[in-house]
Chemist: 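Quick one: this structure, given as structure tokens, is what I'll be asking you about.
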Amino acid sequence: MTTSTNTSENPSGKIRVRFAPSPTGYLHVGGARTALFNWLFARRFGGTMILRIEDTDIERNRPELVEGILDGLRWLGVDWDEGPYFQSQRLDLHRAAAEKLAASGAAYFCDCPPEKYAGGDAVEETEDAKKEAGPRRVTRCACRGGKPGLSTQNAAIRFRVPQGTTTKFEDAVFGPREVANEEIEDFVLLRSPKDGQAQGAPTYQLSVVVDDIDMRVTHVIRGSDHISNTPKQALLYRALGATPPIFAHVPLILGPDRTRLSKRHGATSVGSYRDEGFLPEAFRNFLALLGWSVGDAEFMRTSEIISLFSLEGVSRTNGVFDRPKLEWYNVQYLQKLPIDELVPFIQGELERSKLWQPEWAGEKREWFSKTVDLLRPRTRLLPDFSTWARAFFSDTFEYDPQAREKFWKDERLGPMLGKLADAVAAITDWNHDACDHALRELAAAEGVKAGLLINATRVAIVGQAVAPPLFDTMLVLGQERVVRRLRSAVDALSTH
RNA sequence: GGCGCUAUGGUGCAAAGGUUAGCACGUGGCCCUUUCAAGGCCAAAAUGCGGGUUCGAUUCCCGCUAGCGCUACCA
């Protein structure tokens with residue numbers, strides 16, 4: 001067994017990845033996709049998936065906001081092996097790293113007022129700035145040279161970016177990257193203390209790196225919006241005596257107008273897709289293929305995706321979240337899932353809508369599976385089972401106005417449905433063909449096309465213009481119920 | 001403004017110098033059919049622009065354009 005050195009292509013077992021969301025209260029689809037890619041990568045190569053909550057922003061540091069993220073991940077089926085860790089509980093570690101860097105000279109204290117750098121008009125105090133090259137906005141202030149009397153009590157700590165050299169890092173998606181250090185500002189590691197605070201807070205750049213080192217993360221898979229800041233992090237790894245991980249920046253998810261997906265594009269949290277009645281596996285399949293692919297493969301069970309996933313298949317171009325395609329995936333799963341895998345979702349849907357009967361999981365289990373199987377070719381979302389298909393699960397349902405309009409026009413229908421009720425009631429051997437014969441014989445006797453009766457009967461027994469094939473529907477509903485509904489329809493037709 | 005990334009039909013992806021540029025969603029049509037889906041078949045629809053390199057560019061290089069990202073003592 002040889003150990004591969006190409007850890008991005010054929011990692012040898014000790015892969016460690018992490019998903020590090022900030023607690024926003026819900027799992028955004030962009031975050032969900034990042035989480036999914038990390039998870040797929042970990043599962044593919046037998047690695048470890050770590051969950052870390054980046055809650056250093058005190059404003060958003062509330063427990064219920066974390067719960068929303070966890071709920072989203074659980075629904076998505078993305079589980080983790082370690083964590084959740086909370087960055088807010090690790091601040092001392094981060095501070096210690098900053099102070100260590102300051103002590104070694106890799107960083108320095110700076111007490112320039114933050115406003116000095118605010119906005120796009122930052123200062124320029126580099127020597128070559130006086131040239132006509134125009135203002136460069138790379139922060140490199142006088143404090144860099146050393147200023148006495150400064151400490152964490154009264155100043156911030158900035159990283160001293162080594163000049164005259166270049167910073168490289170490996171990106172499994174974008175390839176090797178290299179930037180001139182002159183382009184990298186002396187970014188803040190530790191903020192200056194706020195009024196009343198004894199010490200300042202670590203910045204994101206510092207915290208991620210310290211935590212990723214501490215958690216021995218080998219592959220940082222995250223949104224490509226982080227790519228520009230990665231050189232800073234690569235620098236920090238080295239200053240801290242660590243080897244940078246392999247980065248893998250995945251493209252962003254855009255709305256239909258090609259701007260970054262946001263609330264104004266409509267639903268952006270995975271929770272809303274769950275609530276709408278998408279199947280998690282369909283959502284996963286869709287998300288996995290948004291920014292990743294293997295040839296022309298489209299419909300792939302999660303196990304397949306895991307076995308095929310690789311960073312090499314990740315695209316570099318931002319992609320538009322295409323809702324119609326997501327729906328197509330849902331229809332595919334609704335159609336193709338083994339019935340036993342689908343049934344629990346339908347049970348959940350019926351429970352939510354108060355239509356569920358416990359016996360359907362017991363003695364009428366077979367009936368329930370059969371009914372779901374009959375219904376599913378015409379469903380798109382889970383709620384279809386409790387709305388459109390309500391009459392299969394409840395005796396209280398309404399006649400869809402459009403269905404009446406479409407199929408109950410003919411005035412002869414009232415009497416005919418009455419006769420059909422009698423004919424159906426007289427069936428001794430309740431099966432598909434018996435229903436078929438009863439109806440067609442009546443149609444012939446009445447001199448009407450079978451279609452007229454079929455369509456009208458459908459409305460009568462399920463209240464909808466659209467339903468599974470009529471005789472299958474009758475079978476599943478049962479003789480007694482069909483007769484009863486036919487008689488009710490006669491009343492409904494006469495009073496109208 | 002600076003730095004960077006990206007660029008194949010409306011959308012998501014294929015084609016790792018040579019294909020009639022492929023697949024899927026969506027769209028239109030046909031078939032199937034008791035409704036409506038599903039399914040099957042067919043169709044319209046793309047290599048941003050300009051230069052190179054090469055016998056040959058979707059593919060490699062340069063420029064332009066466009067989009068996006070980063071440019072905080074946010075994460």
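Order of the sequence lines fixes the chain letters, A, B, ..., with proteins taken first and strands second; residue numbering starts at 1 for each chain. All values reported here derive from a predicted model rather than from experimental measurement.
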Chemist: If I pick the P atom on B/A38 and the same atom on B/A24, what distance separates them, to the nearest angstrom?
Modeler: 15 Å
Chemist: Kindly write out the residues that satisfy side chain to side chain donor-acceptor pair (under 3.5 Å) with A/Gln335, not counting sequence neighbours, or none if the list is empty.
Modeler: none
Chemist: For nucleotides B/U54 and B/C49, find the distance between their P atoms and express it as a whole number of Å.
Modeler: 23 Å
Chemist: A/His249 has an atom NE2; how far is it from atom P of B/C70, in whole Å?
Modeler: 12 Å
Chemist: What donor-acceptor contacts under 3.5 angstrom involve side-chain atoms of residues 380-388 of chain A, with partners at least two apart or in another chain?
Modeler:
{"residue": "A/Arg380", "atom": "NE", "partner": "A/Glu327", "partner atom": "OE1", "Å": "3.4"}
{"residue": "A/Arg380", "atom": "NH2", "partner": "A/Glu327", "partner atom": "OE1", "Å": "3.4"}
{"residue": "A/Asp384", "atom": "OD2", "partner": "A/Arg380", "partner atom": "N", "Å": "2.7"}
{"residue": "A/Asp384", "atom": "OD2", "partner": "A/Leu381", "partner atom": "N", "Å": "3.0"}
{"residue": "A/Ser386", "atom": "OG", "partner": "A/Glu349", "partner atom": "OE2", "Å": "2.5"}
{"residue": "A/Ser386", "atom": "OG", "partner": "A/Pro383", "partner atom": "O", "Å": "3.2"}
{"residue": "A/Thr387", "atom": "OG1", "partner": "A/Pro383", "partner atom": "O", "Å": "2.9"}
{"residue": "A/Trp388", "atom": "NE1", "partner": "A/Val466", "partner atom": "O", "Å": "2.8"}

Chemist: Can you list, pair by pair, the side-chain donor-acceptor contacts under 3.5 Å of residues 439-453 of chain A, counting residues two or more places apart and other chains?
Modeler:
{"residue": "A/Arg440", "atom": "NE", "partner": "A/Asp436", "partner atom": "OD1", "Å": "2.5"}
{"residue": "A/Glu446", "atom": "OE2", "partner": "A/Lys419", "partner atom": "NZ", "Å": "2.7"}

Chemist: Pick the nucleotide of RNA chain B nearest each of A/Glu54 and A/Ala297; which residue has the one closer to the 5' end?
Modeler: A/Ala297
Chemist: Could you state the atom-to-atom distance from CZ of A/Arg177 to C1' of B/C3 in whole Å?
Modeler: 11 Å
Chemist: Could a donor-acceptor pair under 3.5 angstrom be found where the side chain of A/Thr203 meets the base of B/C73?
Modeler: no
Chemist: Anything under 3.5 Å between a protein N or O and an N or O of nucleotides 20-23 of chain B, put it in a table, one pair a line.
Modeler:
{"residue": "B/G22", "atom": "N2", "partner": "A/Asp296", "partner atom": "OD1", "Å": "2.7"}
{"residue": "B/C23", "atom": "O4'", "partner": "A/Asp296", "partner atom": "OD2", "Å": "3.3"}

Chemist: Mind checking what makes side chain to side chain contact (heavy atoms under 4.5 Å, CB included) contact with A/His28, not counting sequence neighbours?
Modeler: A/Tyr26, A/Leu261, A/Thr268
Chemist: Hey, does A/Gln205 reach any base, or is it just sugar-phosphate, or nothing, if we go heavy atoms under 4.0 Å?
Modeler: base
Chemist: Are OP1 or OP2 of B/A14 and a side-chain N or O of A/Ser293 less than 4.0 angstrom apart?
Modeler: yes
Chemist: Checking all strands, does A/Tyr329 fall into the base, sugar-phosphate, or nothing category for heavy-atom contacts under 4.0 angstrom?
Modeler: nothing
Chemist: Can you check the distance between B/C70 and B/A14, where both ends of the measurement are the C1' atom (answer in whole Å)?
Modeler: 31 Å
Chemist: Which residues pass the side chain to side chain contact (heavy atoms under 4.5 Å, CB included) test with A/Gln89, not counting sequence neighbours?
Modeler: A/Phe86
Chemist: Could you measure between the two P atoms, the one in B/C41 and the one in B/C32, and give it in whole Å?
Modeler: 15 Å
Chemist: Could you tell me the separation between the OH atom of A/Tyr204 and the P atom of B/C70, rounded to a whole number of Å?
Modeler: 11 Å
Chemist: Report which part of the nucleic acid A/Gly223 touches: base, sugar-phosphate, or nothing (heavy-atom distance under 4.0 Å, all strands).
Modeler: nothing
Chemist: Expressed in whole Å, how much space separates the P atoms belonging to B/G63 and B/G22?
Modeler: 32 Å
Chemist: Less than 4.0 angstrom from a charged side-chain N to a carboxylate O is my criterion; do A/Asp400 and A/Arg390 meet it?
Modeler: no
Chemist: Would you please name every residue forming a side chain to side chain donor-acceptor pair (under 3.5 Å) with A/Ser315, sequence neighbours left out?
Modeler: A/Thr317
Chemist: In dot-bracket, 5' to 3', how would RNA chain B read with Watson-Crick or G-U wobble pairs under 3.5 Å, [ ] for crossing ones and | for pairs to another strand?
Modeler: (((((((..((((....[...)))).(((((.......)))))....(((((..]....))))))))))))....
Chemist: Could you check how far CD1 of A/Ile184 sits from C1' of B/A72, rounded to whole Å?
Modeler: 17 Å
Chemist: Quick check on RNA chain B: between A/Ala155 and A/Arg316, whose nearest nucleotide comes earlier from the 5' end?
Modeler: A/Arg316
Chemist: Counting any heavy atom closer than 4.0 Å, what does A/His226 reach on the DNA or RNA strands: base, sugar-phosphate only, or nothing?
Modeler: base
Chemist: Using whole Å, what does the distance between atom P of nucleotide B/A75 and atom CZ of A/Phe19 come to?
Modeler: 17 Å
Chemist: Please state the P separation for the pair B/C5 and B/A37 - nearest whole angstrom.
Modeler: 48 Å
Chemist: Got A/Leu375 and A/Phe393 here, is their nearest side-chain heavy-atom distance under 4.5 Å?
Modeler: yes
Chemist: Could you tell me whether the side chain of A/Asp322 reaches within less than 4.5 Å of the side chain of A/Leu326, counting heavy atoms only?
Modeler: no
Chemist: Without decimals, in angstroms, what is the distance between A/Leu308 CG and B/C13 P?
Modeler: 17 Å
Chemist: Check the distance between B/C13's C1' and A/Leu287's CG and give it to me in whole angstrom.
Modeler: 15 Å
Chemist: Hey, could you give me the OH/CD distance between A/Tyr237 and A/Gln233, rounded to the nearest 0.5 Å?
Modeler: 7.0 Å
Chemist: Using the side-chain heavy atoms of A/Val320, tell me which of these nucleotides is nearest: B/G26, B/U11, B/C3.
Modeler: B/U11
Chemist: Under 4.0 Å, counting only non-hydrogen atoms across every strand here, what does A/Asp225 touch: a base, just sugar-phosphate, or nothing?
Modeler: sugar-phosphate
Chemist: How would nucleotides 31-48 of chain B be written as a contact map, 5' to 3', with B for base contact, S for sugar-phosphate-only contact and - for no contact, using protein heavy atoms under 4.0 Å?
Modeler: ---BBBBSS---------
Chemist: Would you tabulate the pairs of protein nitrogen or oxygen atoms and nucleotide nitrogen or oxygen atoms of nucleotides 66-68 of chain B closer than 3.5 angstrom?
Modeler:
{"residue": "B/C68", "atom": "O2'", "partner": "A/Asn318", "partner atom": "OD1", "Å": "3.1"}

Chemist: Run the numbers on A/Glu341 and A/Arg301 for salt bridge (Lys or Arg N to Asp or Glu O under 4.0 Å), then give the verdict.
Modeler: CA-CA 12 Å; A/Glu341 283 189 62; A/Arg301 297 299 306 265; 2.8 Å; yes
Chemist: Do the side chains of A/Thr457 and A/Leu417 get nearer than 4.5 Å, heavy atoms only?
Modeler: yes
Chemist: Under 3.5 Å, is there a donor-acceptor pair linking the side chains of A/Asn229 and A/Tyr204?
Modeler: no
Chemist: What integer number of Å spans the C1' atoms of B/G28 and B/G9?
Modeler: 15 Å
Chemist: Is A/Arg323 near enough to B/C25 that one of its side-chain N or O atoms lies under 4.0 angstrom from OP1 or OP2?
Modeler: no
Chemist: Report all side-chain donor-acceptor pairs from residues 287-294 of chain A shorter than 3.5 Å, counting only partners two or more places apart or in another chain.
Modeler:
{"residue": "A/Trp292", "atom": "NE1", "partner": "A/Ser310", "partner atom": "O", "Å": "3.2"}

Chemist: Counting heavy atoms from C-beta on, name the nucleotide in B/C13, B/G12, B/A72 closest to the side chain of A/Glu185.
Modeler: B/A72
Chemist: Indicate whether the side chain of A/Arg284 and that of A/Thr302 have a donor and an acceptor atom separated by less than 3.5 Å.
Modeler: yes
Chemist: Applying side chain to side chain contact (heavy atoms under 4.5 Å, CB included), can you list everything that pairs with A/Gln87, at least two apart in sequence or on another chain?
Modeler: A/Arg52, A/Glu54, A/Asp55, A/Thr56, A/His94, A/Ser207, A/Asp211
Chemist: Can you check whether A/Thr56 has a side-chain N or O nearer than 4.0 Å to OP1 or OP2 of B/A75?
Modeler: yes
Chemist: Picking from A/Leu150, A/Thr152, A/Leu101, A/Val188, what satisfies side-chain contact (heavy atoms from CB on, under 4.5 Å) with A/Ile157?
Modeler: A/Thr152
Chemist: Please state how far atom CG in A/Asn285 lies from atom P in B/C13, giving the value in whole angstrom units.
Modeler: 14 Å
Chemist: Using the C1' atoms only, state how far B/U27 lies from B/G67, rounded to an integer number of Å.
Modeler: 26 Å
